[in-house]
Asks: 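The following block contains the structure, expressed as structure tokens.
Chain letters run A, B, ... following the sequence lines, proteins first, then strands; residues in each count from 1.
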Number of protein chains: 2
Amino acid sequence: MVLPRAARTQRRTRIQEEKEELILEAALEVFATHGFRGSTIDQIAEVAGMSKPNLLYYFRTKEAMHRALIDRVLDSWLDPLREFDAEGSPVSEIRSYIRRKLEMARDFPRESRLFANEILQGAPHIEDELKGPLKTLVDEKAEVIRAWAKAGKIAKCDPYHLIFAIWSTTQHYADFDVQVRGVLGDERAGEGRFEDAARFLEQLFVSGLEIRDGTA
Amino acid sequence: MVLPRAARTQRRTRIQEEKEELILEAALEVFATHGFRGSTIDQIAEVAGMSKPNLLYYFRTKEAMHRALIDRVLDSWLDPLREFDAEGSPVSEIRSYIRRKLEMARDFPRESRLFANEILQGAPHIEDELKGPLKTLVDEKAEVIRAWAKAGKIAKCDPYHLIFAIWSTTQHYADFDVQVRGVLGDERAGEGRFEDAARFLEQLFVSGLEIRDGTA
DNA sequence: GTAATGTTTTACCAACCGGTCAAATTATCA
DNA sequence: TGATAATTTGACCGGTTGGTAAAACATTAC
């Protein structure tokens, strides 16, 4: 049979699993650095080490590839926020959330850039996810933070903007890596920059949210 | 004469000024939302309301258009940081820097996205500017902040990461606007979000940098 | 082994892309 | 006004793009 991939209902073969993996890995590389429109199937095929038609045998369109990639990555991308625990102590929860996000920026910069590209260009492919699952999750965690503030455990602040601030500062080290390296110069652009960033951000957010006269 | 634009040494015509303006405006719109590789000359021509060859009469290549756009925008983009004043009081300088950056994110989101796209995709066209003029300016201002910290006027912190944090948090509202709107929902996605953001960020950075036991 | 199924390749297509050219049109100014 | 220079356009070009068709090749199940 030569039924196109999407029409197959049977369970996938070993080769299918391997090749789809290989393709999505290559697609991540390419989409992350050029965005959807700036990427070409030929490029992805070359990175994956296979011919274009072969690639199109597994994913019938460029869109399907992108879709599959987003679906696979989005879920794990939100894990750090899911771990955010209402029962924990506010300071240590926020501190470790920052640390987890920073680790993801360091260890999975391509995933970060994939989303950055997508959102920057108007999120044409993931708008539903933003307004759906993502919003729901953020709403939930924002409520936790709001409760902490109300209970006097941290300074009063807008929980949504707090979350945005944590996202932006941490993802900055993945998305704007070239700029960070360029500005820091060769001497300070090594892996140590993530430690420095972690130290700074923890200080900023922890003491920035401490209760003091006038803010509580 | 039909000399290409770049070869003309005489002073520019009224029509030239107007059309180049029109083109760069359209180019900003398109490049900002699709990145360099994702944008097409036809698209820009359509937005500018002129034919493709007409557009290429003013800028001989797509690169030349992008170059001209970057050159024009980069300078004004750095103005808020230039205004950062060593003689002012640390708290008010940082506070007003945040405010200026946030105003730019609100009033010139396309400019912000133009750079974001460029840097995200590896800064292939502006790497020199990053390592040159930008780095120089940041180095200078970082020294100012370091001096403030040394003099005990603000908490000790890494000035570079402080600057990165201000950049990322403020530009987030331009670059990731769809996401911000999506998460905030229709009710809170109005212009008021910039006021809320300003309030939050000023609180975060000001009290985050205040001197207290153990940090000074 | 062989038949059925799954995979890969070669050759190809129509649309689009960045860019050119020459002719037509319009603005400028003596 | 007319000559000259500046601007605009339509037709076109070679290369690239996303995607297809069909046949060759490999794998698996019996």
Side-chain angles (χ1 to χ4, degrees), chain A residues 1-24 26-27 29-31 33-70 121 124-125, chain B residues 1-27 29-31 33-69 121 124-125:
Chain A
M1 271 231 271
V2 285
L3 272 183
R5 164 85 187 75
R8 272 179 248 130
T9 51
Q10 314 289 8
R11 120 165 137 277
R12 298 153 71 214
T13 60
R14 175 184 50 87
I15 294 183
Q16 266 170 49
E17 304 240 19
E18 287 173 11
K19 289 296 162 85
E20 286 178 11
E21 190 71 24
L22 199 68
I23 292 169
L24 290 181
E29 185 71 31
V30 175
F31 283 137
T33 37
H34 298 110
F36 182 76
R37 291 186 42 164
S39 302
T40 70
I41 301 182
D42 294 88
Q43 240 180 317
I44 297 169
E46 198 192 327
V47 173
M50 54 176 86
S51 69
K52 182 170 62 170
N54 195 183
L55 199 148
L56 287 163
Y57 170 74
Y58 292 100
F59 297 94
R60 285 184 331 189
T61 63
K62 188 178 160 184
E63 286 241 5
M65 276 179 43
H66 192 252
R67 177 83 264 154
L69 184 58
I70 293 269
Q121 309 191 356
H125 305 95
Chain B
M1 272 230 273
V2 284
L3 272 184
R5 165 83 187 78
R8 273 179 247 129
T9 50
Q10 311 292 9
R11 124 166 134 276
R12 295 153 73 213
T13 317
R14 176 183 51 87
I15 295 183
Q16 266 171 48
E17 305 240 17
E18 287 174 12
K19 289 296 163 85
E20 285 178 11
E21 190 72 23
L22 199 68
I23 292 169
L24 290 182
E25 159 68 25
E29 186 73 29
V30 176
F31 283 136
T33 37
H34 297 110
F36 182 75
R37 290 185 42 164
S39 303
T40 70
I41 300 183
D42 293 87
Q43 240 179 316
I44 297 169
E46 199 192 326
V47 173
M50 52 175 85
S51 68
K52 181 169 62 168
N54 195 183
L55 200 148
L56 287 164
Y57 170 75
Y58 293 100
F59 297 94
R60 288 184 327 189
T61 64
K62 189 179 160 185
E63 285 242 6
M65 276 179 42
H66 193 252
R67 180 79 265 155
L69 185 58
Q121 308 192 355
H125 305 96

Asks: Please determine if a side-chain N or O atom of Q16(A) lies less than 4.0 Å away from the OP1 or OP2 oxygen of dG6(C).
Replies: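 For dG6(C), neither OP1 nor OP2 has a side-chain N or O of Q16(A) closer than 4.0 Å.
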Asks: Using a 4.0 Å heavy-atom cut-off, does I41(B) contact any base of the nucleic acid, only the sugar-phosphate backbone, or nothing at all?
Replies: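 It contacts sugar-phosphate atoms only.
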Asks: Could you tell me which non-hydrogen atom of G38(B) sits nearest to which non-hydrogen atom of R37(A), and how far apart they are?
Replies: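 For G38(B) and R37(A), the tightest heavy-atom pair comes out as O-NH2, 2.7 Å.
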Asks: Once hydrogens and angles are ignored, does a donor-acceptor distance under 3.5 Å link the base of dG18(D) to the side chain of K52(A)?
Replies: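 When only heavy-atom distances are counted, K52(A) does reach the base of dG18(D) through a donor-acceptor pair under 3.5 Å.
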Asks: Choosing from dG19(C), dG19(D), dT9(C), which nucleotide comes nearest the side chain of K62(A)?
Replies: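 Selected nucleotide: dG19(D).
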Asks: If you check every side-chain atom of Y58(A), which of dG18(D), dT8(C), dG19(C) has the closest atom?
Replies: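 Minimum distance to the Y58(A) side chain belongs to dT8(C).
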Asks: Which comes earlier along DNA chain C counting from the 5' end, the contact point of M50(A) or that of R37(A), where each point is its nearest nucleotide?
Replies: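 By nearest-heavy-atom nucleotide position, the 5'-most residue is M50(A).
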Asks: Just wondering, more than 12 heavy atoms not from Q43(A) lying within 6.0 Å of its CD?
Replies: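 Yes - once you tally the heavy atoms of other residues, nucleotides and ligands closer than 6.0 Å, there are more than 12.
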Asks: Can you name the closest pair of heavy atoms from S39(B) and K62(B) and give their distance?
Replies: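 Heavy atoms only, the tightest pair is O-NZ, 2.7 Å.
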Asks: Give a yes/no on whether any side-chain N or O of S51(A) is located under 4.0 angstrom from OP1 or OP2 of dT8(C).
Replies: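 So the side-chain polar atoms of S51(A) never come under 4.0 Å of the phosphate oxygens OP1 or OP2 of dT8(C).
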Asks: Would you indicate, yes or no, if dT8(D) has its OP1 or OP2 atom less than 4.0 angstrom from a side-chain nitrogen or oxygen of K19(B)?
Replies: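 Answer yes for this pair, as a side-chain N or O of K19(B) is under 4.0 Å from OP1 or OP2.
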Asks: Toward the 5' end of DNA chain D, which comes first, Q43(A) or P53(A), by nearest nucleotide?
Replies: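 That would be Q43(A).
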Asks: Respond yes when some side-chain nitrogen or oxygen of Y57(B) is under 4.0 Å from OP1 or OP2 of dT7(D), and no when none is.
Replies: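 Answer yes for this pair, as a side-chain N or O of Y57(B) is under 4.0 Å from OP1 or OP2.
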Asks: Looking at N54(A), does any N or O in its side chain come under 4.0 Å of the phosphate oxygens OP1/OP2 on dT7(C)?
Replies: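 No, because none of the side-chain N or O atoms of N54(A) sits under 4.0 Å from OP1 or OP2 of dT7(C).
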Asks: Just say parallel, tilted or perpendicular for the rings of H66(B) and F31(B), cut-offs at 30° and 60°.
Replies: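 Aromatic pair H66(B)/F31(B) classed perpendicular.
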